[in-house]
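A quick write-up on the structure given underneath.
In the text below, chain A, chain B and the rest are named by the order of the sequence lines, each starting its count at 1. Since this is a predicted model, take the numbers as computed values, not measurements.
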There are 2 protein chains.
Amino acid sequence: MSDTPDRVRFTTALHDRDAWSAAACSMDRAVKLIGKRSNMLLLREAYYGSTRFDEFVRRTGLSEPVVANELRHLVEEGLLTRVPYQDAGDRERLAYRLTDMGRDAFVPVVALMQWGDKWLAPEGPPVELSHSACGSAVTVSVRCTEGHDLTVRDVTVRPGRGATRRASTTSPH
Amino acid sequence: MSDTPDRVRFTTALHDRDAWSAAACSMDRAVKLIGKRSNMLLLREAYYGSTRFDEFVRRTGLSEPVVANELRHLVEEGLLTRVPYQDAGDRERLAYRLTDMGRDAFVPVVALMQWGDKWLAPEGPPVELSHSACGSAVTVSVRCTEGHDLTVRDVTVRPGRGATRRASTTSPH
DNA sequence: TCTCTCACTATGGAAAGCCTAAGTCATCCG
DNA sequence: CGGATGACTTAGGCTTTCCATAGTGAGAGA
C-alpha cells in the first residue's frame, strides 16, 4: 500500500528531477506576490465587499500603515484599481475595486479557506459558502477539462511554453 | 455596468458587515500555517516526489536550517510524517511522506500555480499539468456540488457551525 | 580506525512584516 | 473660521523569515 508513490508523474523530459529547476515556478511567483497574510486578508475583504480604506482597516484588523502600503502594492500589481466616487453631500473619495486579476485570485483564496475549514477548524467552519442561485455547497477542486476529479497521483507534469526560456539554472549541457 | 457589486452576498445574519468579525477565518489560519514561501515550496517538492532532506534542500533552493525547521513544523502540524526506510547497503534513514492533510493542500497549491501561470507568466507556464489517464488539461475551479462554475458574484456566505463559538470579538450584545 | 555522506544543529546577521502612536492634509459641516 | 472625518504618512521598534558559514553525530565502506 505504501508502494505507490504519492506524487505527480513526469514526462520523460522532466524525468530526471535534478536536471531541471523549478526556479521559475508560477506558484512561487504567486506566493511572493499575494502569499502574505496582509494581502490575503485584504483580498478576502474585497470579496466581502470592502472598497474603502477604513473598511479594510476595521475588518482585517491590520494596522493603517500596513493597509496603506499593501493596498498600494495590490494596485501597482494590478489586483485592484482605485476609482473615484462621491457620496451625496460628501467629498470625492477613492474606492478600491477588484480587477479581473484580483477576481481570479478568488480561487486560491477559497481553496485555502476550504483547506482550513477541513483541517484547522475542529469546531466547524466559521462561514459556509453556497451557490446563490441553487443553494448547494461550494467546493474548490482540481479537475481535468473532461470533468474528472484529480488527486496528486492522477496528474502528469510536462514542460510548458515558458520552460527554461529563462532561469535554466541547471542543466548546462 | 459598474453597478453590480463585485462581491459575495451575505445571508441576513451577516448582512451588517460590521456586526461580525472574520477573526476566526479559516483562510487566515491556513495562511498562517502554510502560507509562507518555504512551506509552499516544500509542499511543491513533496508533490514532485521529494522525500529526503537533501532533496528538499537541493530542489527548493532553501537553506539547510530553513528546510530542517520547516520540515519539523510540517511534521508537527500533520502535513508530513517521517517514515524510516533503508536502501540496500545503506544505513536507515527517514523519509518525509505526505499525510492526507498534506495531500489535500495540493488544491490551494495548484490554485496558486494556476493563478501565477495566468497572470505572472507572460512567456507561458513553466510546467503544464494534465490528467495522466485522459491527457486533458488540469484546472482548479470553484464550483457548487451541482456542478456550476462560480465566480465571486455567484456565492452567498452564511454563518457556519464554528461561527462566533469563540472569537465573537464584536457584537457585545 | 579513518574517512565519507547524510541529516541535521548552532550562530550571527540582513531584510521583511507587522505593530503602536502621532502627525498631515484636504474637505465638509456648522 | 474651527472642528470633525477620511485617508493616509512618518517614526520607531519588535518579531519572523530568510541567508551563509561552520560545526556535530551516527553509521557504512576501506
Side-chain angles (χ1 to χ4, degrees), chain A residues 18 23 25 28-46 50-77 80-97 169, chain B residues 17-18 23 25 27-46 50-77 80-97 169:
Chain A
D18 284 319
C25 174
D28 191 14
R29 295 185 195 178
V31 167
K32 274 191 215 140
L33 206 63
I34 59 167
K36 36 183 188 191
R37 201 176 93 94
S38 52
N39 282 176
M40 288 281 192
L41 294 182
L42 289 171
L43 281 175
R44 182 197 67 192
E45 285 311 319
S50 296
T51 62
R52 285 168 33 181
F53 182 80
D54 76 304
E55 289 178 318
F56 285 111
V57 172
R58 233 179 18 253
R59 296 173 183 169
T60 58
L62 297 167
S63 68
E64 294 186 351
V66 170
V67 172
N69 253 310
E70 298 308 325
L71 283 180
R72 183 179 28 251
H73 289 334
L74 288 172
V75 169
E76 281 168 10
E77 290 149 5
L80 298 176
T81 26
R82 295 152 165 275
V83 305
Y85 74 100
Q86 192 153 18
D87 286 349
D90 212 357
R91 74 168 190 269
E92 189 188 77
R93 302 189 185 292
L94 292 170
Y96 294 89
R97 299 211 165 274
T169 320
Chain B
R17 186 58 193 77
D18 283 320
C25 174
M27 189 219 54
D28 190 14
R29 295 185 195 178
V31 168
K32 275 192 213 140
L33 205 64
I34 59 168
K36 35 183 191 193
R37 204 176 90 93
S38 51
N39 282 177
M40 288 281 193
L41 294 182
L42 289 171
L43 280 175
R44 182 197 68 193
E45 284 311 320
S50 296
T51 61
R52 286 167 33 179
F53 182 80
D54 76 305
E55 290 177 317
F56 285 111
V57 171
R58 233 180 17 253
R59 295 173 185 169
T60 57
L62 297 167
S63 67
E64 294 186 351
V66 170
V67 172
N69 253 312
E70 298 307 327
L71 284 180
R72 185 182 25 253
H73 290 334
L74 288 172
V75 169
E76 282 167 10
E77 289 149 4
L80 299 175
T81 25
R82 296 151 165 277
V83 304
Y85 75 99
Q86 193 152 20
D87 286 348
D90 212 356
R91 74 170 189 268
E92 190 187 77
R93 302 190 184 290
L94 292 171
Y96 294 89
R97 298 210 165 275
T169 320

Taking OP1 and OP2 of dT9(D), is either one under 4.0 Å from a side-chain nitrogen or oxygen of R72(A)? yes
I need the CG-C1' distance between D28(A) and dT17(D), as an integer number of Å. 14 Å
Per A68(A) side chain, nearest of listed nucleotides dA7(D), dA7(C), dT9(D): dT9(D)
B/S/- contact track for nucleotides 13-21 of chain C, protein heavy atom under 4.0 Å: ----SSBBB
What is the separation between atom CG on N69(B) and atom C1' on dA10(C), rounded to the nearest whole Å? 11 Å
Show me the pairs that pass salt bridge (charged side-chain N to carboxylate O under 4.0 Å, His left out) and involve residues 61-76 of chain B, at least two apart or across chains. K36(B)-E70(B)
How many Å lie between CD on E55(B) and C1' on dC6(C), as a whole number? 12 Å
Could you report the tightest heavy-atom contact between S38(A) and V66(A), atom names first, then the distance? CB-CG1, 3.9 Å
Locate the shortest heavy-atom distance separating T51(B) from F56(B); write the atom from each residue and the value. C-CE1, 3.7 Å
Please identify each residue that fulfils side chain to side chain contact (heavy atoms under 4.5 Å, CB included) with R58(B), with sequence neighbours left out. D18(A), D54(B), E55(B)
How would you list, by chain and number, every residue that makes a salt bridge (charged side-chain N to carboxylate O under 4.0 Å, His left out) with R82(A), sequence neighbours excluded? none
R82(A) CZ to dG6(D) P, in whole Å, measures 17 Å
Answer with base, sugar-phosphate or nothing: what part of the nucleic acid does Y96(B) contact at a heavy-atom distance below 4.0 Å? sugar-phosphate
Rounded interatomic separation in angstrom, taking CZ from F53(A) and P from dA26(C): 17 Å
Nearest whole Å is fine: how far is dC18(D) P from L42(B) CG? 10 Å
Round to the nearest Å and state the distance from L33(B) atom CG to dT16(D) atom P. 15 Å
In whole Å, what is the span from the CG atom of L94(A) to the P atom of dA7(D)? 9 Å
Tell me the closest heavy-atom pair linking G35(B) and M40(B), and the distance in Å. CA-CE, 4.2 Å
If I take atom CZ from residue R44(B) and atom CG from residue L41(B), how far apart are they, to the nearest 0.5 angstrom? 5.0 Å
Give a yes/no answer on whether the side chain of R58(A) brings an N or O atom under 4.0 Å of OP1 or OP2 in dA7(D). no
